[in-house]
Enquirer: 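Pasting in a structure now, in structure tokens, and then I'll have a few things to ask.
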Amino acid sequence: MYGNKDSDAARLRSGSGGMLKINDSPLIKAQNVVMVPGGSDALACVAPSPDRKCVDAGDIRVNLHTGLVALHSLFLREHNRIAQFLFTRLPGATDETTFQMTRKIVGAMVQHISYKEMIPLILGRRLYNDGRNGVALRDTGYSNSYNPDVDATVTVEFAAAAFRLHTLAGNELPVLQDNGTETPFFLHFFNPNMWYKAGVLDQLIAGMARKRAQNFDVDFSFVFQNQMYKPPNRSTGFDQLAMNVQRGRDHGVPTYLQMRKFCGLPPINSLSDLERVTSPQNAANLASIYKNINDVDFFAGGMSEKPVNGEGLSGPTFACILTEQFRRLKNGDRFFYENENVFTPSQLQEIRKVSLATIMCLNSPINNVQARVLEAHSATNPLMSCQDIIARSSMRLDAFL
Ligand code: HEM
């Protein structure tokens with residue numbers, strides 16, 4: 001949202017009322033929607049034009065596809081909604097004080113959604129709630145889990161392998177084309193022609209909540225195997241999975257067996273022994289590619305394991321790296337939103353009410369959505385009206401005055 005340098009934040013701020021800049025293209029103004037601002041054409045978009053520029057946000061990878069433009073725009077809308085409220089009510093408010101307070105609240109909301117809604121699904125309830133893992137949030141009061149000796153940096157094993165959850169993504173983005181089918185994913189890559197189309201961002205916000213994720217397994221979508229970075233006028237693109245393996249090697253990620261050892265998991269002695277941790281088909285596939293069990297790359301081996309406890313997404317080796325990373329990001333961060341001296345007790349309770357569904361309801365024209373938006377809607381997670389969702393789980397912003 002804000003970048004990790006002062007210069008990024010300065011570029012993205014509007015300079016008044018603590019707000020962030022919004023897109024001023026006539027195409028977007030005519031739709032009366034709020035979208036992330038236009039950015040430099042040096043960002044390698046397909047055929048940018050003055051009305052359809054590449055976009056700018058805290059992370060330049062926002063330009064990768066329309067889903068990211070939509071999500072960044074959603075959180076930008078939330079930032080500006082909160083800033084507008086605070087600026088007109090905080091005594092002596094300036095652009096600077098309002099921006100910093102809003103940024104702190106939005107950062108806390110992102111942490112809350114990540115640890116309350118996303119991480120339990122990734123790890124599974126048992127690993128998430130196991131007190132020894134130090135990942136679970138509290139329901140009330142301050143957390144005392146901050147430890148200055150915990151290193152809060154991101155491990156290469158996490159970024160280059162275990163958190164590359166690309167297996168979950170499908171071949172299409174849920175925006176309907178003229179023929180009523182969803183748009184092929186590759187048409188959205190770096191393509192401003194897509195994200196400046198009328199209604200696309202809000203269709204996507206609603207559609208991404210409706211669309212089911214793919215299963216976590218080694219069957220990756222065609223688009224990831226064949227079409228990554230594919231410009232619309234070329235027949236093929238990159239193989240993202242090959243890139244994941246190669247990226248792991250470039251970055252010196254240890255092998256699958258070394259990582260199992262690091263995680264204290266039982267050794268695997270041969271390629272045929274892999275059947276203890278994966279399906280016979282996956283074991284045979286790995287044996288057809290690698291000559292020696294010691295050569296198996298972390299990404300390939302970790303992706304192949306059966307899920308821990310039959311719940312959560314990944315097998316035990318990825319789960320070990322994910323759990324370790326989520327613990328460190330929380331307990332090594334002295335500004336983690338649950339820590340004492342970050343928010344007052346009543347502000348903290350307001351942040352604890354927030355869900356991704358609330359943010360969608362408050363900042364897009366959808367009428368209903370399931371309350372746990374990262375899970376498919378079902379009898380136990382039914383569609384609810386936005387009115388009910390907002391009444392049940394939105395922050396009282398006057399707690400921050
Ligand atoms: C939805 C469609 C997605 C597309 C098209 C996509 C595409 C990409 C691409 C092109 C890269 C850079 C490749 C490289 O440098 O090797 C990347 C990196 C990455 N992706 Fe995705 N991705 C998607 C979803 C996800 C999801 C759902 C996750 C899981 C949280 C994820 C996690 C990552 C991570 C951790 C990296 C490495 C980032 C880094 O090292 O800084 N991606 N992705």
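Read the numbers this way: they start at 1 and go in the same order the structure lists the ligands and their atoms. In what follows, every heavy atom counts, from backbone to side chain, and hydrogens, waters and symmetry copies are set aside.
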Enquirer: Would you say Arg328's side chain and Asp151's backbone share a donor-acceptor pair under 3.5 angstrom?
Expert: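 Side chain of Arg328 to backbone of Asp151: a pair is present.
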Enquirer: Look at Lys116 together with Asp139 and state whether they make a salt bridge at an N to O cut-off of under 4.0 Å.
Expert: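 Yes.
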Enquirer: Decide whether the shortest distance between a heavy atom of Arg61 and an atom of ligand 1 is less than 4.0 Å.
Expert: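 Yes, Arg61 has a heavy atom closer than 4.0 Å to ligand 1.
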Enquirer: Can you tell me which residue among Phe85, Tyr2, Phe87 is in a ring-ring contact (aromatic ring centres under 6.0 Å, His included) with His79?
Expert: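 Of all the options given, the one that passes is Tyr2.
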Enquirer: My understanding is that only one of Asn215, Leu165, Leu322 makes a side-chain contact (heavy atoms from CB on, under 4.5 Å) with Leu313; could you say which?
Expert: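 Among Asn215, Leu165, Leu322, the one meeting side-chain contact (heavy atoms from CB on, under 4.5 Å) with Leu313 is Leu165.
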Enquirer: Counting only heavy atoms not in Arg138, do more than 12 fall under 6.0 Å of its CZ?
Expert: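 Enclosed: over 12 neighbouring heavy atoms sit under 6.0 Å from CZ of Arg138.
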Enquirer: Given a threshold of 2.8 Å, state how many protein N/O/S atoms are nearer than that to atom 21 (Fe) of ligand 1.
Expert: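 Atoms of protein N, O or S type lying less than 2.8 Å from atom 21 (Fe) of ligand 1 total 1.
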Enquirer: Measure from the side-chain N and O atoms of Thr278 to the backbone N and O of Ser304, and report whether any donor-acceptor pair falls under 3.5 Å.
Expert: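 Yes.
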Enquirer: Taking both backbone and side-chain atoms of Tyr229, is any N or O found less than 3.5 Å from an N or O belonging to ligand 1?
Expert: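 In this structure, Tyr229 places no N or O atom under 3.5 Å from an N or O of ligand 1.
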Enquirer: If we ignore hydrogens and angles and just use 3.5 Å, is the side chain of Asn381 paired with the main-chain N or O of Arg372 as donor and acceptor?
Expert: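 Here the side-chain-to-backbone pair exists.
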Enquirer: Judging by distance only, is a nitrogen or oxygen of His65 under 3.5 angstrom from one on ligand 1?
Expert: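 Looking only at distances, the answer is no, because the N/O contact criterion of under 3.5 Å is not met.
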Enquirer: Below 4.0 angstrom from a heavy atom of Phe189, which ligand 1 atoms are there? Numbered from 1 as shown, please.
Expert: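 Under 4.0 Å from Phe189, ligand 1 has these atoms: 5 (C).
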Enquirer: Tell me: protein heavy atom nearest atom 4 (C) of ligand 1, and distance?
Expert: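 The closest one turns out to be Phe224 CZ, 3.6 Å.
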Enquirer: Do the side chains of Arg249 and Asp297 get close enough for a salt bridge, i.e. N-O under 4.0 angstrom?
Expert: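 A salt bridge is present here (some side-chain N lies under 4.0 Å from a carboxylate O).
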Enquirer: Return the residue, atom name and 0.1 Å-rounded distance of the protein heavy atom closest to atom 14 (C) of ligand 1.
Expert: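 The closest heavy atom on the protein side is Arg247 NH1, 3.1 Å.
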Enquirer: Does the pair Lys21/Asp56 count as a salt bridge with the N-to-O cut at 4.0 Å?
Expert: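 Salt bridge: no.
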Enquirer: If you take the nearest heavy atom of each of Phe238, Phe185, Phe163, which one is closest to atom 2 (C) of ligand 1?
Expert: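 Selected option, by shortest heavy-atom distance: Phe185.
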